Participant: 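Would you mind keeping the following structure in view while I ask a few things?
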Amino acid sequence: MLEIQRLRTDKESVIEGLKKRHFDASEIVENVLSKDEEWRAEKAKLEEVASKMNQISKQIGILFKEGKQQEANEAKAQTSVLKVQEGELKEKVDVLQNDITELMYQLPNVPNQLVKAGKSELDNETIFEAGEAPNFDFKPMPHWEITDKFNLIDFELGVKITGAGFPMYIGKGAKLQRALIAFFLDEAEKAGYIEHQAPLVVNEASAMGTGQLPDKEGQMYYMPVDDLYLIPTAEVPLTNIYRDVILPNDDFSIKITGYTPCFRREAGSYGKDVRGLNRLHQFDKVEIVRVEHPDNSEAALEEMMEHVKSLLEKLGLQYRVLRLCGGDTGFAAAMTYDFEVYSAAQEKWLEVSSVSRFDTFQSTRLKLRFKNADKKSQLCHTLNGSALALPRIVASLLENHQIENGVEIPSCLHKYLNFERI
RNA sequence: GGAGAAUUGGCAGAGUGGUCGAAUGCACUGGUCUUGAAAACCAGCGUACCGCAAGGUACCGGGGGUUCGAAUCCCUCAUUCUCCGCCA
């Protein structure tokens, strides 16, 4: 959520900024501001009435103590009118407050200066490329043929047990998952992130805190009996650690990581895009999350980028980094870098990581603050990124490192495995 | 799953209808004293919103209710602890 303060003082920058998303905010902004003005006016009235009521009540207390029953009862009579007024004003104020919040929820984050205007993924900028495409002297197989041939993943079994999008990893396939998770966590730890093992199920307040609710409800699996949600990413439990937190000073840099399965209902995709590991309802991911002083979030984003780059380089994968354009940047993000690896057999780029800065967009909802030098509470900045999401990494590892009759496992994973090739 | 008890400021803990946003202690911050430290003493010390300010309003686990007035009474939900049951 944007800070309403920002709309009050600088609505132009918000409206201008959101144009980069092809989002016309002017109507919502004006609406918010007029309701905000009304809200403040009504609230002032309400507080005045409340103040009177408090005074009279105090008076009554004193009168009773002094035994002046009659005067007390007369005072009581005065309150009935005020009470009705108070009720009406409270109602008005609440309605206005809710309207404003609802409108504010509709506004996406304002893109960072560096973000270019654009409508879709076609307008994303490639800002970095590394690695080389493998050279095959045979026809490379797509990963779903490899997993089938070497019995690494049984997609049909997943269908039998759960449904489409819930693969069953078997033997070396399962071990490879475990190795990647361990590798990613170890690398994150080396980079200073503290490992967390988080709940996979969260309550409504947490889903609100990171912005999955109210807009993206359909993305999550929901369990109505207990009113709980399956996490779509570790970002939710990890970032919510800091919901309603005020850090005691301005000297902090919080770096945490965690592996979790992620559950996504998704919708509306078909054919090649969902083939094999390309798109799943359940997948594994190691996430990195940071809480930073506003002055440091830019540097933090760069640092996270370097971390993800180093992972892909150690895995020996060809990749590129995109800076997403306004239209493709997620609702809550101010800037996002997507990492894509080249899938040699499918001949396309697969997104394996997304690293974003949210500035104060999440911390507004989370109420995540720190005490600045003046001892005032100030909103923190949050960032997060995948480091990394497994399925597409597995897909491209298998495809890009395949040999005539098998797959070479990159050396960085050897210590986690009791085999070096499949 | 059953029975009982509890939930108050950073922590501990008082407060069972009326100047209670809340005693007291500890912690913390500033000051006095001291060569320095400790001790002692003095002062300050929650969050948010509205307001230029003075100030006002709201918050005693969450939500709702009773009342002129609620930390205090009632309902409801959540959490924690104790006992019993079940269990990886």
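Just so it is clear, the values below take in all heavy atoms, side chains as well, and ignore hydrogens, waters and symmetry mates. Letters A, B, ... are given to chains in the order of the sequence lines, protein chains preceding strands, and every chain is numbered from 1. Being a predicted model, the structure only gives us computed values, none of them experimental.
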Participant: Using heavy-atom distances to pick each residue's nearest nucleotide on RNA chain B, tell me which of A:Ala44 and A:Ile62 is more 5'.
Facilitator: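 With A:Ile62 and A:Ala44 compared, the 5'-side residue is A:Ile62.
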
Participant: Of the nucleotides B:C68, B:G56, B:C49, which has the atom closest to the A:Ser51 side chain?
Facilitator: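 Closest nucleotide among those given: B:G56.
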
Participant: Grab the NZ-C1' distance between A:Lys376 and B:G46 for me, whole Å please.
Facilitator: 14 Å

Participant: With a 4.0 Å cut-off on heavy atoms, is A:Ile60 in touch with a base, just the backbone sugar-phosphate, or nothing at all?
Facilitator: base

Participant: Pairing check on B:C52: which nucleotide meets the Watson-Crick or G-U wobble criteria with it, both distances under 3.5 Å?
Facilitator: none

Participant: Taking the side chain of A:Lys83 as heavy atoms from C-beta outward, which of B:U57, B:G18, B:U67 is closest to it?
Facilitator: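 Per side-chain heavy atoms of A:Lys83, the pick is B:U67.
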
Participant: What distance, rounded to whole Å, do you find between the two P atoms, one in B:U16 and one in B:C26?
Facilitator: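 Their P atoms lie roughly 24 Å apart.
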
Participant: Can you tell me the pairing partner of B:G36 across any strand shown, Watson-Crick or G-U wobble, with both distances under 3.5 angstrom?
Facilitator: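 Across any shown strand, B:G36 pairs with none.
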
Participant: Looking only at atom P, what distance separates B:G46 and B:G21, rounded to whole Å?
Facilitator: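 Pairwise P distance, B:G46 against B:G21, rounds to 15 Å.
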
Participant: Partner lookup for B:A6, please. Criteria are Watson-Crick or G-U wobble with both distances under 3.5 angstrom; report none if nothing qualifies.
Facilitator: B:U79

Participant: Using the P atoms only, state how far B:A58 lies from B:A3, rounded to an integer number of Å.
Facilitator: 38 Å

Participant: Over all strands shown, is A:Asn73 touching base, sugar-phosphate only, or nothing at heavy-atom distances under 4.0 angstrom?
Facilitator: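 Nothing, no nucleic acid heavy atom in range.
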
Participant: Whole-Å distance between B:G56 C1' and A:Glu86 CD?
Facilitator: 14 Å

Participant: From the set B:G18, B:U67, B:U57, return the single nucleotide nearest to any side-chain atom of A:Ala50.
Facilitator: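 The nucleotide sitting nearest to the side chain is B:U57.
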
Participant: Please determine, for B:A22, whether a Watson-Crick or G-U wobble partner exists with both distances under 3.5 Å, and give it or none.
Facilitator: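 Its partner is none (no Watson-Crick or G-U wobble pair with both distances under 3.5 Å).
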
Participant: Do any pairs count as a ring-ring contact (aromatic ring centres under 6.0 Å, His included) and have a residue in residues 195-245 of chain A, sequence neighbours left out, and if so which ones?
Facilitator: A:Tyr222-A:Tyr229

Participant: Starting from C1' on B:C49, measure out to NZ on A:Lys90 and report it in whole angstrom.
Facilitator: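 Result: 13 Å.
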
Participant: Separation of A:Ile246 atom CD1 from B:A48 atom C1', in whole Å?
Facilitator: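 A:Ile246 atom CD1 is separated from B:A48 atom C1' by 9 Å.
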
Participant: Are OP1 or OP2 of B:U47 and a side-chain N or O of A:Arg369 less than 4.0 angstrom apart?
Facilitator: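 For A:Arg369, the contact criterion (side-chain N or O under 4.0 Å from OP1 or OP2 of B:U47) is not met.
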
Participant: Heavy atoms only, 4.0 Å cut-off, all strands: where does A:Thr79 land among base, sugar-phosphate and nothing?
Facilitator: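 Since only primed, P, OP1 and OP2 atoms lie under 4.0 Å of A:Thr79, the category is sugar-phosphate.
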
Participant: Output the rounded distance in Å from CE (A:Met104) to P (B:C49).
Facilitator: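 Value for this atom pair: 13 Å.
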
Participant: Considering only side-chain heavy atoms of A:Arg8, which listed nucleotide, B:A58, B:C68, B:C50, is closest?
Facilitator: B:C50

Participant: Salt bridge or not between A:Arg40 and A:Glu37? Use side-chain N to carboxylate O under 4.0 Å.
Facilitator: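 No salt bridge links A:Arg40 with A:Glu37.
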
Participant: Run the salt-bridge test on A:Asp186 and A:Lys190 with the 4.0 Å N-O cut-off and return the result as yes or no.
Facilitator: no

Participant: Look through every strand shown and name the nucleotide pairing with B:A70 as Watson-Crick or G-U wobble, where both distances are under 3.5 Å.
Facilitator: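 Matched B:A70 with nothing under the 3.5 Å cut-off.
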
Participant: Under 4.0 Å between a Lys/Arg side-chain N and an Asp/Glu carboxylate O for A:Lys160 and A:Glu156?
Facilitator: no

Participant: Which nucleotide, B:A48, B:C50, B:G69, lies nearest any side-chain atom of A:Trp39?
Facilitator: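 For the A:Trp39 side chain, the nearest candidate turns out to be B:C50.
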
Participant: Nearest-nucleotide wise, let me know which of A:Ser377 and A:Ser57 is further upstream toward the 5' end of RNA chain B.
Facilitator: A:Ser57

Participant: With P as the reference atom in both, quote the distance from B:A71 to B:U19 in angstrom, rounded to an integer.
Facilitator: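 One P to the other, the span is 10 Å.
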
Participant: Looking only at atom C1', what distance separates B:C11 and B:G36, rounded to whole Å?
Facilitator: 30 Å

Participant: Using whole Å, what does the distance between atom P of nucleotide B:C68 and atom CD of A:Gln59 come to?
Facilitator: 17 Å

Participant: Taking the side chain of A:Glu47 as heavy atoms from C-beta outward, which of B:C68, B:U47, B:C50 is closest to it?
Facilitator: B:C50

Participant: Specify the separation, in whole Å, of atom CD of A:Glu48 and atom C1' of B:A58.
Facilitator: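 A:Glu48 atom CD is separated from B:A58 atom C1' by 17 Å.
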
Participant: Expressed in whole Å, how much space separates the P atoms belonging to B:A22 and B:U76?
Facilitator: 32 Å

Participant: Salt bridge between A:Lys35 and A:Glu38, side-chain N to carboxylate O under 4.0 Å?
Facilitator: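 So A:Lys35 does not pair with A:Glu38 through a salt bridge.
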
Participant: Looking only at the side chain of A:Arg40 (C-beta and beyond, no hydrogens), which of the listed nucleotides B:C50, B:U19, B:U47 gets closest?
Facilitator: B:C50

Participant: With rounding to whole Å, what would you report as the distance between B:A53 and B:A5 at their P atoms?
Facilitator: 49 Å

Participant: Counting just side-chain N and O atoms, does A:Asn54 come under 4.0 Å of either OP1 or OP2 of B:A58?
Facilitator: yes

Participant: Tell me which nucleotide among B:A58, B:G18, B:G56 gets nearest to the side chain of A:Phe64.
Facilitator: B:G18

Participant: Which of these, A:Ile146, A:Leu180, A:Ile409, sits in a side chain to side chain contact (heavy atoms under 4.5 Å, CB included) with A:Leu397?
Facilitator: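 Going through A:Ile146, A:Leu180, A:Ile409 one by one, the side chain to side chain contact (heavy atoms under 4.5 Å, CB included) with A:Leu397 is satisfied by A:Leu180 alone.
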
Participant: Considering Watson-Crick and G-U wobble pairs with both distances under 3.5 Å, what does B:G46 pair with?
Facilitator: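 Here B:G46 is engaged in a pair, and the nucleotide opposite it is B:C59.
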
Participant: What pair of heavy atoms forms the shortest contact from A:Asn240 to A:Ala205, and how long is it?
Facilitator: OD1-O, 4.1 Å

Participant: How many whole angstroms separate atom CG of A:Leu63 from atom P of B:C68?
Facilitator: 15 Å

Participant: For atom C1', what is the distance between B:U72 and B:G17, given to the nearest Å?
Facilitator: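 Nearest-Å result for B:U72 against B:G17 at atom C1': 7 Å.
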
Participant: Closest heavy-atom contact between A:Pro410 and A:His414?
Facilitator: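 Residues A:Pro410 and A:His414, closest heavy atoms: O-CD2, 3.3 Å.
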
